[in-house]
Amino acid sequence: MPKRPKNPASPRYKARMGYEGEYYLVKKFTSRDKPGFYAVRTPGSGAGKLPKPDIIAVDDGELLAIEVKSSNKSYIALNEAQVRRLLEFCERFVVRCPRCGEEIRPKPILAARFLGKEWRFVEIPSGWEGVIVVRRTSHPSEASLDEKLSSPPHERGGAASSQGKRGRGAAGSDSG
């Protein structure tokens with residue numbers, strides 16, 4: 001791995017932290033070394049005209065589109081444009097079962113990495129409009145890296161809030 005830049009405020013440092021977060025999650029999926037758990041990075045996800053997430057993954061057979069954000073702060077926000085791009089990807093990326101013809105779409109997930117502290121995962125509801133904000137838990141011991149990442153957020157506790165003008169409701173979050 002290349003050396004980290006010396007200035008934490010530099011764009012290069014921020015890009016490096018983003019890459020390391022994505023790389024870590026991909027390794028978590030692929031290290032399970034069994035069918036139904038796999039992931040690939042999609043470099044340059046924020047660039048270009050086509051919407052695409054940072055990672056496309058399969059978690060226990062469930063398809064996920066994951067946007068990864070890393071921060072030293074106590075919160076992480078996904079702006080309205082980023083939310084819209086992730087949801088658009090999930091609407092367009094459709095896999096059809098060859099046996100039954102059922103359409104399978106990825107779940108849109110925000111993976112929030114609080115540097116040196118914990119990970120939190122938020123499933124973004126379809127049709128969400130506005131900003132998604134995820135706050136670090138006050139007790140890092142609550143975080144568990146072994147949980148299934150795609151468990152329904154309402155079963156996993158926590159909350160994210162919308163601070164956008166048209167934001168509705170709250171998206172669930174989890175530590176993971």
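Index from 1, following the sequence.
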Closest heavy-atom pair and its distance - Leu115, Arg113 | CD2-CZ, 3.3 Å
State whether the side chain of Arg120 and the backbone N or O of Arg136 hold a donor-acceptor pair below 3.5 Å, judged by distance alone.
-> no
May I ask you to decide if Leu86's main-chain N or O and Glu67's side chain share a donor-acceptor pair within less than 3.5 Å?
-> no
Could you point out which residue of Ile132, Leu78, Val134 forms a side-chain contact (heavy atoms from CB on, under 4.5 Å) with Lys69?
-> Leu78
The reported gap from CZ in Arg85 to CD in Glu88 (rounded to nearest 0.5 angstrom) is 8.0 Å
Scanning both residues in full, the closest heavy-atom pair of Asp60 with Phe37 reads N-CE2, 3.2 Å
Using the rule that two of Ile, Leu, Val, Met, Phe, Trp, Tyr join whenever any of their side-chain heavy atoms come within less than 4.5 Å, decide whether Leu63 and Val40 are in one cluster.
-> yes
Output all residues satisfying side chain to side chain contact (heavy atoms under 4.5 Å, CB included) with Glu91, sequence neighbours left out; order by chain, then residue number.
-> Arg105
Of the non-hydrogen atoms in Ala77 and Val131, which two are nearest, and what is the gap between them?
-> CB-CG1, 4.2 Å
OG1/Thr42 to CG/Asp54 distance, rounded to the nearest 0.5 angstrom?
-> 6.0 Å
With hydrophobic residues grouped by side-chain heavy-atom distances under 4.5 Å, do Ile56 and Val122 end up in a single group?
-> no
Could you state whether Tyr38 and Ile104 fall into the same hydrophobic cluster, counting links through intermediate Ile, Leu, Val, Met, Phe, Trp or Tyr residues with side-chain heavy atoms under 4.5 angstrom apart?
-> yes
Would you name the heavy atoms of Ile76 and Ser71 that are closest together and state the gap between them?
-> CG1-CB, 3.6 Å
side-chain contact (heavy atoms from CB on, under 4.5 Å) with Cys90: of Pro108, Pro53, Ser126, Pro51, only one passes, and it is Pro108
So the ring-ring contact (aromatic ring centres under 6.0 Å, His included) pairs with at least one residue in residues 79-107 (sequence neighbours excluded) are Phe89-Phe93
Treat each ILVMFWY residue as a node, draw an edge where side-chain heavy atoms are under 4.5 Å apart, and state whether Val58 and Val95 are in one component.
-> yes
Does a donor on one side chain and an acceptor on the other come within less than 3.5 Å for Glu20 and Ser70?
-> no
Of the non-hydrogen atoms in Trp119 and Ala111, which two are nearest, and what is the gap between them?
-> CZ3-CB, 3.9 Å
Consider only side-chain heavy atoms of I, L, V, M, F, W and Y, link residues closer than 4.5 Å, and tell whether Phe121 and Tyr24 are in one cluster.
-> yes
Least distance between heavy atoms, Val83 atom then Gly130 atom = CG2-O, 3.6 Å
Val26: side chain to side chain contact (heavy atoms under 4.5 Å, CB included) partners, not counting sequence neighbours | Thr30, Ala39, Arg41, Ile55
Distance (rounded to the nearest 0.5 Å) between Phe29 CZ and Leu64 CG | 5.5 Å
Between Arg32 and Asp59, is there a salt bridge with N-O shorter than 4.0 Å?
-> yes
